[in-house]
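Residue numbers start at 1 and run along the sequence shown.
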Amino acid sequence: MPALKISFKATFVIACSVLLLVSCSRKKDKFISRNFHAVTAEFNALYNGYNALEAGRTSLNDGYSDNYWDVLPIERMQISEEVVLPGQSKNENFNTAEEKAVKAIQKHSITINGKEKNPQIDEAYLLLGKSRYFDQRFVPALEAFNYILYKYPASDKINQAKIWREKTNIRLDNDELAIQNLKRLLKQEELKDQDLADATSMLAQAYLNTKSVDSAITQLEIASKATKKGDERGRYKFIQGQLYNELGKKDSANLAFDQVIELNRRTPRIYMIGAHIEKIKNFDYGKGNKFELLELITELEENRENRPFLDKIYHQKATYFLHNASDSLAIAYFNKSLRTNSQDRILKAKNYEILGDMNFDASVYEKAGNYYDSTMTNLVLNSKPYRIIKRKRDNLEDVIYYETIAQVNDSILNLVRLLEAERIAYFEVFIEKLKIRAEEEKEKAEAAERNTGLATVNNPIGSPGPRMGAPTQAAMFYFYNPTTVAYGKNEFVKIWGDRPMEDNWRWSSKLNSGVTGSASTNNSVVTASEDELFDPQFYISKIPSEVKEIDSLSKDRNYAYYQLGLIYKEKFKEYALAKSKFNNLLSSNPEARLILPSKYNLYKIYELLGENSEASIAKADIIANYPESRYATILNNPDSASEKDENSPESLYEVLYEQYESQAYAEVISKSEEYITTFDGEPIVSKLELLKATATGRLYGLEAYKEAINYVAITFANTPEGKQAQNIETNVLPKLASSDFIKENDSVANNHKVVFKFENPKPKQVTDFQKILDTVLKNIKYYSLKSSVDAYNPNTTLVVVHGLRNAQVAKTFNQLLTKEDKKKIKEPYFAITSANYQIIQMHKNLDAYLNTDSNSK
C-alpha cells in the first residue's frame, strides 16, 4: 500500500506539471496561458530590464556635466561622438536592458491570428526602444516605438510610445516632424501628469532647436506645472529663466529663477545655486542695492551646503568686487575660485582670462601672457574663443618685447639724467632694501640649519625611532628629508639667484635674482663682489656715459614706443594706451622719420575717441608742416583715402614684387633700400627686407642670401617675416649648403638644359636673341623645347633651353638644327643637368663648372 500511494503521488505531480505546461503554451489563447506569460514577463524579464535601464541612466547622469554658461538642454543626456560597431554597446546596462526586452518578446509573446494576447509585450517593446535610445542607437529605437504604434494601437502605453518616438525624432534632427506630431498628440489626447510634462518638455526642445524661443517658454511653463518630479520642475524653471535672459527680459528671468530658489531642497541644489548666480549676473550695479547683493553672495559663500559650488560663488564675488573697482579683492577671489579645483573648464578659462586682462591693463604683460596660456588650456582647441585668446596671446609677444625695451631703456635714461647727488641718494635707498632682504635670507638660512635633521619623512611623532646605529632613510639620502631640501633650495637661491633650468645656467648673463653676489637695478642685472654689493659708486659706475651709447638707448626706446602705439591701436583697439605711447614718443625728441607717422596715428586715434578738437589740431599741424607728404594728401582729400593709393607702402610693395618676378633683382634691391628708409618704423619694412634678402640671394648667391636672411631673422624676430626667415635659416639653408656638382649618370641627372651665356649684354641683345631662338626651336622635330632668360649676376645673363632628356643630345644641340637655322644661332653654348644648373645659380660657381666640363660650344 505505501508503494501504491507513492506511485499515485508521483503520477499526480507529473500529470499536473504536464497539464500546466500544456495550458501555458504560447500557441493557445487560454486564461492560464495569458496570465502565466504576462506575470512571468512583467516580474522577471521586464523587471530586471527596467532595473538595468535605470542603472544605465544613473551612470549616464553621473558622467554628464551641464554647461551652465549656455541654455541647458531639456533632457540631461550626454551625446557621444564615439562610433560603435554593430553588436557593440556604449553602456553594458543598456545592452542588458535590451536583451531582457528581447527575451520577454521571444519567450512570452502570444500571437494568435495576428493579434498579441500578452498585455506586457507592448511594455517590452517600449523597454527595447528606451534602451536603444539611451544607448544612442536612435534609428533602431525609432523602429521599436513605431512597431508599438503599428501593432498595439489600443495599448495603454500608446501615448508614451508617441512621445518617445518624437524624442527620438528630435535626436535625429527631425524637429519639424516632431513639432507636428506632438502638437497633434496634445490636441487629440487629454494628456495628464507625467505624460503631459514629457510631451510639452519635448515640444519645448524642438522649438528651441528651431529658434522659436517664445513657444519653448510657453511649453516649459506647462511642463513645470504638470510634472511631479522636483528635479524636472527645477530644471524647466531654470531653463525658462535662461531663455528670458536670452530675450533680454531680465525681470521675467528673475521671477523664474525665484521659483527655482523657492523649491529649495525639492530640486537638486545645483539648480538653486545656478538660479542665485544668474540673478546676480542680472544685477543692475547702477540702480541696485550693492550692500544687499554683497550680503547675499557672502551668505551663499558661508553656507556649508554650498561647498561643492564655491568655485562659482567665488567667481561671482570676484566679479562683484571688479564692478566696484576693488581690484585687489577681485584678484583674491578669482584666485580662490581657481584653487577650488573646479571641474568647470569654462569657469576656469574665464577666471584666467579676466586675470590676464587685469594684468594687461596694468602693463604687466609677461604675467598676462601666462594667464592667457592657462586660459587656452581650458578651452576647446581651435574653437572660436580659443582662437580669440590665441590671437591675443600672439600679439602680446610683440607687446612684451617692446614694453621690456621701453621700460629698461627708460629706467636707464632716467638714471643718466640724475645729478650725482641724486644718483647717490637713489642707490642708497636701493642698498637699504638690499640689506633688509639679505638679513631676511640670512635668518631663513639659520632657521633651516637649526632644524636640519630634526624631522624625517618616516619618523612621525609618536612612532618608535630607529634602532641605535641603524641609519634612517633621511640620513641615507639627502632628498628624503624635506627640511634639508628646503635649506638646500634657500642656499642655492642665496648663492646663485633664481635661475631657469637650462644649459650654462651658471653664466652671469643667466642671473635673474638673488642677494649675495648680485643686484638688480631697474631690470639691468649686474654681478658684484661682497664689498661692491653695498657700495653706491659700484652701481653709478655702471650707468652709461658715452653719447653714442645713450643715443642708441634713446633710439631703441623711441622705436619701441612707436611699435607699441601701432600694436595697441591696430591689434588691441586700446586707443587710450596707443595715444599715451605716441605722446610719450613725441615728447622724447624722436628721430624725424617717426614724427609724421606718429602724428597721423594720433590724429586717427583722436577721431576714434571722439576728441574732435585734438583731432583738428593734429590735422592742421600735419597739413601746415608736412604739405608734401602722403598723409597731408589724404587729409586734404579724404575721399581719395578709400581709393587705392599708388604711393602707399602696400602698392609700392606690389610693384616691387612684380619687378622681382620679372628678374629685375638689382632694381628690386635698390628700390627696397629706398623704401625701407622712407617707411622706416612701419609694418611694411619687414616685408621689404625679406624681399630684398630673396633678391640678393638670386643675384649674389647663397652666402649673400644667408647673411641677408640672418639679418631679417634677428632684426624682425617678432614679425611673420622674421619667423619665416628663422625657418629658412634653420630648415632650408642647411640643405642647400653643398656646392658639389652631380654626375650625369646619377638618377637625378635625367633633365638637361642648353645654356647661352651673355657677358655685359647690350640693350635688346638678349631679347632679340631669344626671339630668334624661339623661332628656331619650333623647327626642331621630335622635341618640345622652350626658352627662358635667367639673371646670373649683375653682369651675366643666361638664355636657357629647356626640355632635353638626353645628355648627348644636349651636348650636340647644334646638330638638331637645320642648315639654315645653324646660321642664325652663332653664340656658344654649354650643356648642363637641371640639378647642376640649380647649384650654379645658388652658389654662383659657373666658372668652376665650365673648368671641369668640356661641353661648351
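Within 6.0 Å of the CG atom in Asn795, the count of heavy atoms belonging to other residues, nucleotides or ligands exceeds 12. More than 12 heavy atoms of other residues, nucleotides or ligands shown are found within 6.0 angstrom of NZ on Lys822. For CD of Glu661, the number of neighbouring non-hydrogen atoms (other residues, nucleotides, ligands) closer than 6.0 Å is greater than 12. Heavy atoms from other residues, nucleotides or ligands lying under 6.0 Å from CD of Glu759 number more than 12. In the displayed structure, Lys706 atom NZ is contacted under 6.0 Å by more than 12 heavy atoms of other residues, nucleotides or ligands. Annotation: Lys573, atom NZ; neighbour count of heavy atoms from other residues, nucleotides and ligands within 6.0 Å is above 12. Under a cut-off of 6.0 angstrom, the local environment of CD in Glu366 is sparse, with at most 12 non-hydrogen atoms contributed by other residues, nucleotides or ligands. Atom NZ of Lys569 is surrounded by more than 12 heavy atoms from other residues, nucleotides or ligands within 6.0 Å.
Across all their heavy atoms, His752 and Asn806 have their closest contact at ND1-C, 4.0 Å.
Checked options Val408, Asp410, Leu413; the residue passing with Leu553 is Leu413 (criterion: side-chain contact (heavy atoms from CB on, under 4.5 Å)). Between Phe756 and the choices Val789, Val766, Val801, the side-chain contact (heavy atoms from CB on, under 4.5 Å) rule is met once, by Val801.
Tyr603 has its ring centre no less than 6.0 Å from the ring centre of Tyr606. Checked against a 6.0 Å centroid threshold, the rings of Tyr626 and Tyr600 do not count as neighbours.
Under the 4.0 Å criterion applied to side-chain N and carboxylate O atoms, Asp394 and Lys390 are assigned as salt-bridge partners. A salt bridge links Glu403 with Lys581: the distance from a Lys NZ or Arg NE/NH1/NH2 to an Asp or Glu carboxylate oxygen falls below 4.0 Å. By the 4.0 Å N-to-carboxylate-O rule, Glu591 lies too far from Lys555 to be salt-bridged with it. Taking a cutoff of 4.0 Å between a charged side-chain nitrogen and a carboxylate oxygen, Lys392 and Asp357 qualify as a salt bridge.
Residues Val380 and Asn382 have side chains not in contact (no heavy-atom distance under 4.5 Å, counting atoms from C-beta outward).
Using a 30° and 60° split on the angle between ring planes, Phe360 and Tyr568 fall in the perpendicular class, above 60°.
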Does the pair Asp821 and Lys824 meet the rule for a salt bridge (Lys or Arg N to Asp or Glu O under 4.0 Å), with working shown? CA-CA 5 Å; Asp821 287 341; Lys824 298 178 182 177; 3.7 Å; yes
